[in-house]
Amino acid sequence: MRPIAMREPEIKTLSLCPACFQKNRQTAEICAHCGVERHFGPTRREALVATLIGFAAGPFLAILILGPSYWAIPLSAVGGLLGFFICQIRHNGDRWMKER
Ligand SMILES: [Zn+2]
């Protein structure tokens, strides 16, 4: 009879797919069963959308608060950067997504 301790490394190298709950290798980037992919951080599209929203929201708020002024120009850049960073923070970590 094999002692239980012998089996532990085998279990540790496996991870369950969060989408289909099948076993995968711990290092797997793509689930072999259902095809979801591991993503770290925001996707390129999410980062782009967040940046564009910030880019538009910056001058919009500036005009709303200050009226039409040249502040709208630097604030659109600030807004874009802010949107990009908020997106990075919001999607910080591993996510499993099906692409294509
Ligand atoms: Zn899966």
Side-chain angles (χ1 to χ4, degrees):
M1 207 174 114
R2 244 177 5 146
I4 289 161
M6 289 282 284
R7 298 178 62 122
E8 260 181 24
E10 199 180 307
I11 293 160
K12 273 178 190 160
T13 56
L14 290 171
S15 67
L16 288 181
C17 169
C20 67
F21 301 104
Q22 299 285 324
K23 280 174 204 153
N24 280 305
R25 285 213 318 270
Q26 189 87 66
T27 51
E29 294 295 306
I30 299 170
C31 174
H33 306 279
C34 70
V36 291
E37 285 182 52
R38 187 206 300 267
H39 286 266
F40 186 80
T43 63
R44 229 175 301 166
R45 204 172 134 225
E46 284 168 341
L48 191 73
V49 168
T51 305
L52 287 176
I53 289 170
F55 214 76
F60 180 76
L61 286 175
I63 290 163
L64 209 69
I65 296 162
L66 305 166
S69 81
Y70 289 116
W71 277 106
I73 296 157
L75 278 172
S76 77
V78 170
L81 274 174
L82 212 67
F84 181 79
F85 279 119
I86 287 168
C87 185
Q88 297 288 332
I89 293 159
R90 242 187 71 198
H91 298 299
N92 184 21
D94 279 352
R95 284 188 301 161
W96 290 81
M97 283 185 294
K98 206 164 201 164
E99 287 217 334
R100 279 162 290 181

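Just so you know, ligand 1 is whichever comes first in the structure, and atom 1 is the first atom listed for that ligand.
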Legend entry - Side chain K98, main chain C34, donor-acceptor under 3.5 Å: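 Confirmed, K98 side chain pairs with C34 backbone.
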Legend entry - Donor-acceptor under 3.5 Å (H91 side chain, T43 main chain):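 Between the backbone of T43 and the side chain of H91 there is no qualifying donor-acceptor contact (under 3.5 Å).
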Legend entry - Heavy-atom check, side chain of N92 versus side chain of F40, under 4.5 Å: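 Of all side-chain heavy-atom pairs linking F40 with N92, at least one is under 4.5 Å.
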Inset, instruction - Could you give me the CA-CA distance, side-chain angles and deciding distance for R95 and E37, then say whether salt bridge (Lys or Arg N to Asp or Glu O under 4.0 Å) is met? - result: CA-CA 8 Å; R95 284 188 301 161; E37 285 182 52; over 6 Å; no
Legend entry - Flag if over 12 foreign heavy atoms under 6.0 Å of CH2, W71: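 Atom CH2 in W71 is not crowded, with 12 or fewer foreign heavy atoms closer than 6.0 Å.
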Inset, instruction - May I ask whether L75 and I65 are part of the same hydrophobic cluster, defined by side-chain heavy atoms of I, L, V, M, F, W, Y residues being less than 4.5 angstrom apart, directly or through others? - result: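 In one cluster: yes.
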Legend entry - Tally, protein N/O/S atoms nearer to the Zn ion (ligand 1) than 2.8 Å: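 Atoms of protein N, O or S type lying less than 2.8 Å from the Zn ion (ligand 1) total 4.
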